[in-house]
Amino acid sequence: MTDSKYFTTTKKGEIFELKAELNSDKKEKKKEAVKKVIASMTVGKDVSALFPDVVNCMQTDNLELKKLVYLYLMNYAKSQPDMAIMAVNTFVKDCEDPNPLIRALAVRTMGCIRVDKITEYLCEPLRKCLKDEDPYVRKTAAVCVAKLHDINAQLVEDQGFLDTLKDLISDSNPMVVANAVAALSEIAESHPSSNLLDLNPQSINKLLTALNECTEWGQIFILDCLANYMPKDDREAQSICERVTPRLSHANSAVVLSAVKVLMKFMEMLSKDLDYYGTLLKKLAPPLVTLLSAEPELQYVALRNINLIVQKRPEILKHEMKVFFVKYNDPIYVKLEKLDIMIRLASQANIAQVLAELKEYATEVDVDFVRKAVRAIGRCAIKVEQSAERCVSTLLDLIQTKVNYVVQEAIVVIKDIFRKYPNKYESVIATLCENLDSLDEPEARAAMIWIVGEYAERIDNADELLESFLEGFHDESTQVQLQLLTAIVKLFLKKPTETQELVQQVLSLATQDSDNPDLRDRGYIYWRLLSTDPVAAKEVVLAEKPLISEETDLIEPTLLDELICYIGTLASVYHKPPNAFVEGGRGVVHKSLPPRTASSESTESPETAPAGAPSGDQPDVIPAQGDLLGDLLNLDLGPPVSGPPLASSSVQMGAVDLLGGGLDSLMGDEPEGIGDTNFGAPPAAVTTAAAPARLGAPISSGLSDLFELTSGVGTLSGSYVAPKAVWLPAMKAKGLEISGTFTRQVGSISMDLQLTNKALQVMTDFAIQFNRNSFGLAPAAPLQVHAPLSPNQTVELSLPLNTVGSVMKMEPLNNLQVAVKNNIDVFYFSTLYPLHVLFVEDGKMDRQMFLATWKDIPNENEAQFQIRDCPLNTETASNKLQSSNIFTVAKRNVEGQDMLYQSLKLTNGIWVLAELRIQPGNPNFTLSLKCRAPEVSQHVYQAYETILKN
């Protein structure tokens, strides 16, 4: 008979009967009674009153009965801690039992009894089991240590269990190794600062050996542990990759994804020129493709991970487009995810295939999927320029189908295509206008209004079209209202004579009749612009639009690098770092990919760039070296420093003649009948808030005046300052462009910045922070942008720096990683600063000291360089170098060659000694450098070259 009979009884007085049966002499009866107790406990009855009677049944050789009693004990030990102590002796005895199954069972149960009073009694039995001769007992004991650590961490550390766990990593049995790794990883997660898994090449070797013989869970634990290891060089990374690669053919998808995670991480360290790198790329594709033949839920997880992998390394799957084609019976969540990856893999080579497929999808029945497919066609046009024409004709075919939601999506994406390829496809506007009446979704209406406003001069009846939208202005969504307001103002600036009433109507609707603050503000801004300076209005409203970028929904690179480290976990499915969804953030450590090795850059190494200019191949985003920049948003950066108080209104807002002054220049030859039209000012309610016309004008760099000390002391004559270079392009910073250079004036270092707002919104609340760097460079004052930075406005300012920040050796040495925050977001970039800004003014050594130091520095620290094409004489070269704090200590002539002996000192106290050989008439100089920190020499040479050649 099955065990179901134990669950069917509903007798009264049951507890009393069970008590009697538990104390029976017959073993069978006892066992039956315990089964009944467990059954009652399972369905939620309180059988804690039987605790002493059940504990008495522990003294038995029957393994099945023992398991049942232990199960009961785990459940009720918490509510009956005093009674649970009675069971301790039995645990201790069971840990000595000759049967390894019973020893392991005792240890497992001990770990599950979460009662402080009992834990100290269990340390001795646990210690014995960790050294047990049977591997089954040892692997169970390893997990028990992690459970015990969760209850009482101090006890585990005092008893030395952590060291025993570390020893188990060298165990001969692979399952013991896997469990020890799992336990240590679990403990390390709750104590991120402790270096428990102290991985070194020897222990990694043991883990890799165990990897081949573990169960699948064991393999996952070991692979996750390997992913946290940082190989010392690319050879070690390659060797680990070679030994992990066989896991890609495992039947369990979790093992495959864990192996992919390790390989993706260590590939960062491999040079792209290596044959092995290419082989590895080829090996990564098949297992990922195989994951897509599993059931839909697994496919979805695989696709979310593939989405990350494709963003990081599209070359892995570039030939596998076909597997992402949608099947008719795929669930919608799989279809949408496949569609996303298809776009990411779209390229000139496969675009024809992709477009044919997408056109097919656009005729499906599933509305959500069709919408996404139409959007995808637009994204293809923007991504692959050669396909734009085909995409546009495909979209026009779809518009001809007259299916409402297809038409609306097509119009939304065509708007983006116009933005990407101006003056190319505007011939289709007529077709779009035919479908005006069928648009009922806000996004499609807004897109159509934008098109009409942007191309008003090409549409004869643009004013009628916009007027038709204006009739139901208050019923439209905010998105449509804002777009309509802008479109009518554009139309007015292009055709002022015909649309004056229209613009007046929309401005009063937006300002007087609307309660939406965004709409009102925009309305007032346009009103003031038009009434004070129509020419400026034209420049602002009809300014050239920046082209939109290819991929607008890519994950931000630092976040992508972090998510790659979490492949195969929930973070990779949510596309969010764990701290975004793990409550309390316990054990959440920021992970990041290893820094690329010098050899792995296929482009010219940044070190070869002249020291003055930032390297051509700048890292776009800060790679994590040590801790990342801290969250700038949490910094207490103080409020932005405001400019001088504004007068309540510097623009007289009486009855300003909007079109009287200044519009002639706007309209060219059509002034008649316009000059006397009175537009009126915006309603009085807002006149007090009107800002001066030049509100956004930058307050001339007050900081540089501050640091000039006195006007008489300027920059040291001839101290070389590199021209400003673009450090952060607007494309990568939501419209904020940052250019800059570094200067040294009278002992002060500063970063001269030029901030340009190429976005369409005002930028405020600027702040800046540096990551730790080789020389401790840090801002000496907050970044002060005195007035909000308006669209298309540029402000120049000088940020004073000091060298008392945190120090961490960077690669290359003069790399500076910077975070800039404004009201829109936080942006990261990195740049190389020229080393000569760190040369201090007291860098001249006396001769005796120079001689002694030169002899004292070992010869292997000497480095020789050639400075080519430098047609200067000795005197000029010496003066040029001195102006940048490279001092000539002595000079002599040997066999017609001038020898300059020079010294310089860096801000961190490092001295560099130099011998510069100049042969009159020969434009090539020889430079020998000696320094106790030889890694500085390359950068000092670059400084010499920069100073002498500029």
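Atoms CG and CD1, on Leu208 and Ile222 in that order, are 8.5 Å from each other to the nearest 0.5 Å. With rounding to the nearest 0.5 Å, the separation of CZ in Phe324 from CG in Asn307 is 9.5 Å. To the nearest 0.5 Å, the span separating CG on Leu126 from CG on Asp132 amounts to 11.5 Å. The line from CD of Glu96 to SG of Cys129 is 8.0 Å long, rounded to the nearest 0.5 Å. Atom CH2 of Trp217 sits about 11.5 Å away from atom CE of Met175, to the nearest 0.5 Å. Between the CG atom of Leu68 and the NZ atom of Lys36 there is a distance of 13.5 Å, given to the nearest 0.5 Å.
Within the 4.5 Å cutoff, side-chain heavy atoms of Arg103 are placed close to those of Asp134. Side-chain contact between Leu155 and Cys123 is present, with at least one heavy-atom pair separated by less than 4.5 Å. By the 4.5 Å heavy-atom criterion applied to side chains, Leu291 and Leu257 are counted as neighbours. Using a 4.5 Å cut-off on side-chain heavy atoms (C-beta onward), Gln154 and Glu157 make contact. At a threshold of 4.5 Å between non-hydrogen side-chain atoms, the residues Leu284 and Arg313 do not count as touching. Residues Phe369 and Leu339 meet the side-chain proximity criterion, which asks for heavy atoms closer than 4.5 Å. Taking the side chain as every heavy atom from C-beta outward, Val37 and Asp53 never approach each other to under 4.5 Å. Asn205 is not listed as a side-chain neighbour of Pro201, based on a closest heavy-atom distance of 4.5 Å or more.
A salt bridge links Asp224 and Lys261; the closest N-O separation between the charged side-chain nitrogens and carboxylate oxygens is under 4.0 Å. Salt bridge Lys283/Glu242: absent, no basic N to carboxylate O contact under 4.0 Å. Here Lys318 does not pair with Glu315 in a salt bridge; the nearest charged N to carboxylate O distance is not below 4.0 Å. Using a 4.0 Å cut-off between a side-chain N of Lys or Arg and a carboxylate O of Asp or Glu, Asp340 and Arg344 qualify as a salt bridge.
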query = Does the pair Val244 and Phe266 meet the rule for a side-chain contact (heavy atoms from CB on, under 4.5 Å), with working shown?
reply = CA-CA 11 Å; Val244 167; Phe266 290 171; over 6 Å; no
request  = Show your reasoning for whether side-chain contact (heavy atoms from CB on, under 4.5 Å) applies to Thr209 and Arg243.
outcome  = CA-CA 9 Å; Thr209 310; Arg243 295 178 68 179; 3.4 Å; yes
request  = Show your reasoning for whether side-chain contact (heavy atoms from CB on, under 4.5 Å) applies to Leu248 and Leu263.
outcome  = CA-CA 10 Å; Leu248 291 173; Leu263 297 172; 3.7 Å; yes
task = Could you check Met342 against Phe325 for side-chain contact (heavy atoms from CB on, under 4.5 Å), going step by step and ending with a plain yes or no?
result = CA-CA 8 Å; Met342 278 168 65; Phe325 285 175; 3.9 Å; yes
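When every heavy atom of Leu345 is checked against every heavy atom of Leu317, the shortest pair comes out as CD1-O, 3.7 Å. Nearest heavy-atom pair, Val47 versus Ser40, reported as atom, atom and distance to 0.1 Å: CG1-CB, 3.8 Å. Contact detail for Tyr229 and Asn200: the closest heavy-atom pair is OH-C, 4.1 Å. Annotation for Leu223 and Ala259: closest pair CD1-N, 3.8 Å, computed over non-hydrogen atoms. Residues Leu563 and Pro577 approach most closely at CD2-N, 3.9 Å, considering heavy atoms. Minimum heavy-atom separation, Tyr277 to Ser271: CB-O, 3.5 Å.
A distance-only check finds no donor-acceptor pair linking the side chain of Asp94 to the backbone of Leu105 [under 3.5 Å]. With hydrogens and angles ignored, the 3.5 Å screen pairs a side-chain donor or acceptor of Arg127 with a backbone N or O of Gln159. A side-chain donor-acceptor contact under 3.5 Å links Arg138 to the backbone of Glu133. A donor-acceptor contact shorter than 3.5 Å links the side chain of His575 to the backbone of Arg304. Looking at Thr245, its side chain does come within 3.5 Å of a backbone N or O of Cys241 through a donor-acceptor pair. Within the 3.5 Å criterion, the main-chain N or O of Val34 finds no donor-acceptor partner in the side chain of Tyr72. Checking side-chain atoms of Asn305 against main-chain N and O of Val301 turns up a donor-acceptor pair under 3.5 Å. Without hydrogens or angle criteria, Lys265 side chain to Ala227 main chain gives a donor-acceptor distance under 3.5 Å. Between the side chain of Thr140 and the main chain of Tyr136, a donor-acceptor pair closer than 3.5 Å is present.
Heavy atoms from other residues, nucleotides or ligands lying under 6.0 Å from OH of Tyr574 number 12 at most. Environment of CG in Asp158: crowded, with over 12 heavy atoms of neighbouring residues, nucleotides or ligands closer than 6.0 Å. Counting non-hydrogen atoms of neighbouring residues, nucleotides and ligands closer than 6.0 angstrom, the NZ atom of Lys147 exceeds 12 such neighbours.
Relative to the six-membered ring of Phe581, Lys576 misses at least one condition, a distance below 6.0 Å or an angle of at most 45° to the axis.
A donor-acceptor pair shorter than 3.5 Å cannot be found between the side chains of Gln238 and Asp234. Counted by atom type alone, Thr558 and Asp561 present zero donor-acceptor pairs between their side chains at under 3.5 Å.
Just one of Val107, Val176, Thr164, Val137 meets the side-chain contact (heavy atoms from CB on, under 4.5 Å) condition when paired with Leu130; it is Thr164.
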